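Note sheet for the following structure.
Bear in mind the structure is a predicted one, so any value in this text is a computation, not a measurement.
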Number of protein chains: 2
Amino acid sequence: MPESIESLIVHERVRAARQHIERADEVTLARQAALSAIPAPTGAEGARAARVAELFREAGLWEVGVDDVGNVTGWAGARGGEPVVLSAHLDTVFGPELDVSVDRAASKRGRLAGPGISDNARGLAALVAVAEALVRARVATARPVLFAATVGEEGSGDLRGVKHLFRNGTRPHAFIALDGAGMERIVHRALGSRRYRVTYRGPGGHSWAAFGVANPANAVGRAAALLADLPVQHSPRSTCAVVRLGGGTGLNSIPQEAWLDLDLRSEDPRTLAELDDAVRATLSRALGDENRRRTAGTPPLELDLQQVGDRPSGLTPRAHPLVQAAIAATRALGHTHELACASTDANVPIALGVPAIALGAGGRGGNAHLPTEWYENDDGALGVVRALLVTAAMAEVR
Amino acid sequence: MPESIESLIVHERVRAARQHIERADEVTLARQAALSAIPAPTGAEGARAARVAELFREAGLWEVGVDDVGNVTGWAGARGGEPVVLSAHLDTVFGPELDVSVDRAASKRGRLAGPGISDNARGLAALVAVAEALVRARVATARPVLFAATVGEEGSGDLRGVKHLFRNGTRPHAFIALDGAGMERIVHRALGSRRYRVTYRGPGGHSWAAFGVANPANAVGRAAALLADLPVQHSPRSTCAVVRLGGGTGLNSIPQEAWLDLDLRSEDPRTLAELDDAVRATLSRALGDENRRRTAGTPPLELDLQQVGDRPSGLTPRAHPLVQAAIAATRALGHTHELACASTDANVPIALGVPAIALGAGGRGGNAHLPTEWYENDDGALGVVRALLVTAAMAEVR
C-alpha cells in the first residue's frame with residue numbers, strides 16, 4: 001500500500017526534498033529554457049538526450065545510460081524489486097527547420113516563449129528536479145525509482161520510446177508521465193489511436209486520351225466522402241479524421257497513385273476495433289465504386305493499407321491507489337483535480353495492465369504543438385512537488 | 001486563293017527548296033538532336049530560344065528577335081500584308097531535374113532517343129529547315145511568312161507564347177504549327193481545356209479535440225466523388241479529371257486547407273462551358289455537404305476557385321483552303337491524311353477566327369511526354385517538305 005499523502009507531507013525527508021524543489025525553482029526554470037532550445041524533433045532527440053543524461057548524473061542517479069532506441073534512464077531508491085517509473089518525453093512535434101530558441105518575455109511570472117517550452121521541456125526539467133530532490137534529501141524508498149526521458153512520444157514516434165522500455169518484460173509497480181504544464185489534470189484514461197496511410201494505385205494516363213480509366217484521386221475522394229458520413233460516436237467518444245491527402249504529378253495526367261492519411265481514435269479499445277473494421281470496409285467500398293465506373297478492359301485500382309500508428313487505449317481506474325494518490329496530492333497542494341483522457345506515454349503501460357497516469361509538471365502553458373507555445377511559471381514548483389509526492393507514495397518512503 | 005499543291009510541286013523555286021530540304025536531311029536530324037539536348041522546361045526556354053534565334057539568323061530570316069515573353073521570331077517572303085505563320089513550340093513537359101541528353105541508338109533509320117526528341121525538337125528543326133529552304137531557294141511569296149518558335153505551349157504554360165503573338169491584334173492569314181513527329185495527322189479541331197485549382201479552407205484543429213469542425217480534406221473528397229459520378233459525355237467528347245490533390249500537415253491535425261486540381265476538356269466550346277457550369281455547381285454542393293455536417297457554432301469552410309488554365313476550343317472547317325492544302329500536300333507526298341483533334345498552339349488562332357492547323361514534322365515518334373521518348377527518321381524529310389508546301393500555298397508563291 002502506498003503511504004498516504006498526508007503522512008508524506010509531514011515526513012522529514014520528504015519535507016526536505018520539497019524545500020529543495022522550492023529553492024531550486026529558478027534553476028529548474030533555467031534548465032527548462034535551456035532544454036527547450038536544444039532541437040529534439042521526433043526521431044532526432046540525441047542532442048537533448050545527451051544533455052538530460054548529464055543532468056541525471058549531476059543529480060546523483062545511478063546507472064545513467066542511453067538505451068538502444070535513445071531513451072535516457074537512471075535509478076534512485078531501493079536496489080531491486082518492481083520499480084516506480086517517472087518519465088517525461090524528450091521529443092517535440094517540430095521539425096528540424098523550426099527555430100526552437102526561447103524568448104524570455106518580460107513578466108513577473110517568468111514567462112517563457114518557444115516551441116516545446118511546455119510540451120515537454122517543462123516535463124523534462126521537472127523530471128530532473130524530482131530526481132535531484134530525492135537524492136539530495138536522501139529520501140529512502142522501499143522500491144526503486146526509474147527516471148526515464150523517452151523518445152518518440154509525439155505523432156509519428158508512435159510511443160516508440162516507452163514501448164521499448166517495456167519490451168524486455170519489465171512490469172513496473174506504477175508509471176507516472178510528466179507531460180506539459182499544469183497543476184489540475186490527471187490523465188488516467190488512455191486515448192487510443194490507429195493511423196493509416198491509405199494508397200490507391202492504378203494505370204494512370206493522359207487526362208484526355210486515357211480518360212475513363214479508374215482514377216486513384218477519385219478513389220481517395222470517394223473514401224474521404226464515405227468516411228465523413230460514417231455515424232459519429234459520442235459515448236465512448238470515437239473519431240475518424242482524414243488528416244492528409246495527396247497524389248498526382250502534372251496538370252494533364254490521371255495520377256498512378258493517390259493517398260490519404262487517417263487518424264482513428266477512441267477512449268475504448270473495443271470501440272476502436274469496431275471503428276477500424278468500419279473504416280476498412282469503407283475503404284474497400286470506395287475501391288469498388290471507382291473500379292465499377294472504369295472503362296471496360298482497363299486495369300482496376302488496387303488498395304494498399306499501411307498502418308503507421310498504433311496507440312493502445314484503456315484506463316487506470318479512478319479508485320486505484322495511483323489515481324487516488326494523485327488526487328490527494330493535488331488537493332493537499334491547494335488545487336482542484338480534473339480527471340482526463342489523452343494520448344501520452346501512459347497509454348502503453350495502461351494497455352499492459354500497469355497502473356499509469358500522466359500529470360502536468362506545474363505552471364501554466366498554452367499553444368502546445370504550435371510555434372507560439374508559451375509557459376508561465378505560476379507556482380510552477382508546486383507541480384514538481386506533486387510529482388515528488390505521487391512518486392514517493394508509490395515507491396513507499398521508509 | 002492559295003495555289004494548288006499540284007502546281008507548287010512543279011514550281012521551279014519550290015522544287016529547289018524541296019531539294020534543299022532533302023539534301024539537308026542529316027543536318028536537320030543533327031539540329032534536332034542538338035536542340036533536344038538543350039533543356040527547355042516550360043517557363044525556362046531561354047537557352048534553347050537563343051540557339052533557335054542563331055539558327056534563324058544563319059538561315060537568312062530578317063528581323064530575328066526574341067519578344068517580351070521569350071518567343072523567337074523572324075521573317076521571310078514579302079514585306080507587308082497579313083502574314084502566314086509557321087510555328088513550333090520551344091518547351092518540353094520535363095522539369096529541369098531531368099537529363100535531356102540524346103542517345104543516338106544504332107539503327108539504319110537513325111533512331112534518336114531522349115525526352116522531347118519528337119515533341120518538339122523535331123518541330124523546331126523542321127521550322128529552321130523550311131526557313132532555310134525558302135531563303136536559299138529564293139522562293140518569292142505574295143505574303144510575308146512569320147517563323148515563330150513559341151514558349152509555354154505545354155501544361156502550365158497554357159499557350160502563353162502563342163497568346164502573346166496575337167496580343168497586339170495581329171490577325172494572320174493562316175497559322176501552321178509544327179508539333180512532334182508524323183506525316184499523316186492534320187489537327188484542325190482544337191481541343192479546349194479549362195484548369196482549376198480548387199481550395200477549401202477552414203479552421204482546422206486537433207484531430208481529436210476539434211473533431212467535428214468542417215474538414216477541408218473531406219470537402220475535397222466529396223468534390224472528387226461527386227465529379228467522378230458526373231455523366232460521361234461522348235459526343236462531343238468531354239472529360240473532367242481530378243489530376244492532383246493535396247492538403248494537411250501532421251498526423252494529428254485536421255487540415256486548415258486542402259485542394260484539388262481539375263482538368264476539363266472538350267472538342268466543343270459550348271459543351272465545355274456547360275461542363276464548367278456543372279463542375280462549379282458540384283464544387284459548391286461539396287462545400288455545402290461538408291458544412292452541413294459540422295459541429296454547431298464552428299466556422300464553415302470556404303471555397304476558393306482559381307482558374308489556372310484556359311485553352312479555347314473550336315475548329316478550322318475541313319473545307320477551308322488551309323485544311324485542303326494540308327490534305328493535298330499529304331496525298332501528293334504519298335501518304336494518307338488523318339484529320340484530328342488536339343490541344344496545340346493552333347487553339348489560340350482558331351478561337352480568334354484565324355484559320356489554323358497543326359502538323360507533325362515528319363518521321364515517326366513515340367512515348368511523347370515520357371522520359372523514354374524516341375524518334376525515327378523514317379522519310380523524315382517528307383514532313384518538312386509538307387510544311388514547306390502548305391506554307392508556300394498559303395503565302396502564295398509568285
Which of [options] touches chain B most, by non-hydrogen pairs under 4.5 Å:
| options | answer |
| --- | --- |
| A/Ile254, A/Asn215, A/Val232 | A/Asn215 |
| A/Leu226, A/Asn218, A/Leu245 | A/Leu245 |
| A/Val308, A/Asp261, A/Thr239 | A/Thr239 |

When you compare the side chain of B/Arg265 with that of A/Ser207, does any pair of heavy atoms fall below 4.5 Å?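 Contact flag for A/Ser207/B/Arg265 side chains = yes.
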Taking C-beta and beyond as the side chain, do B/Asn252 and A/Val243 meet within less than 4.5 Å on heavy atoms?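 With C-beta onward as the side chain, the pair stays apart.
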State, to 0.1 Å, how close B/Ala225 and A/Ala225 come at their nearest heavy-atom pair, and which atoms those are.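 Minimum heavy-atom contact is CB-CB, 4.2 Å.
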B/Ala209 versus chain A, heavy atoms under 4.5 Å apart: side chain, backbone, both or neither?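 Just its backbone gets close to chain A.
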With chain A as the partner, which of [options] has the greatest number of non-hydrogen pairs under 4.5 Å?
| options | answer |
| --- | --- |
| B/Ala286, B/Ala258, B/Ala241, B/Pro216 | B/Ala241 |
| B/Cys240, B/Gly155, B/Ala219 | B/Cys240 |
| B/Leu260, B/Thr249, B/Asp229 | B/Asp229 |
| B/Ser343, B/Ala217, B/Gly309 | B/Ala217 |
| B/Pro255, B/Ser156, B/Ala224 | B/Pro255 |
| B/His206, B/Glu290, B/Arg222 | B/Arg222 |

Test item: B/Arg293 side-chain N/O and A/Ala228 main-chain N/O as donor-acceptor pair under 3.5 Å: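 Yes, the answer is positive, given that a donor and an acceptor are paired below the 3.5 Å cut-off.
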Checking [X] against chain B: side chain, backbone, both or neither under 4.5 Å from a heavy atom?
| X | value |
| --- | --- |
| A/Ser193 | neither |
| A/Asp289 | neither |
| A/Leu191 | side chain |
| A/Ser253 | backbone |
| A/Ala342 | neither |
| A/Glu154 | neither |

Heavy-atom count check: over 12 atoms from other residues, nucleotides or ligands less than 6.0 Å from B/Gln307 CD?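 Atom CD in B/Gln307 is crowded, with more than 12 foreign heavy atoms closer than 6.0 Å.
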Answer yes or no: are there more than 12 heavy-atom neighbours, outside A/Glu184 itself, under 6.0 Å from its atom CD?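 Yes, enclosed.
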Show the numbers, then the answer: is there a side chain to side chain contact (heavy atoms under 4.5 Å, CB included) between A/Trp208 and B/Arg237? CA-CA 9 Å; A/Trp208 169 256; B/Arg237 188 172 187 244; 3.3 Å; yes
Please walk me through it: do B/Leu251 and A/Asp263 pass side chain to side chain contact (heavy atoms under 4.5 Å, CB included)? CA-CA 7 Å; B/Leu251 271 176; A/Asp263 183 21; over 6 Å; no
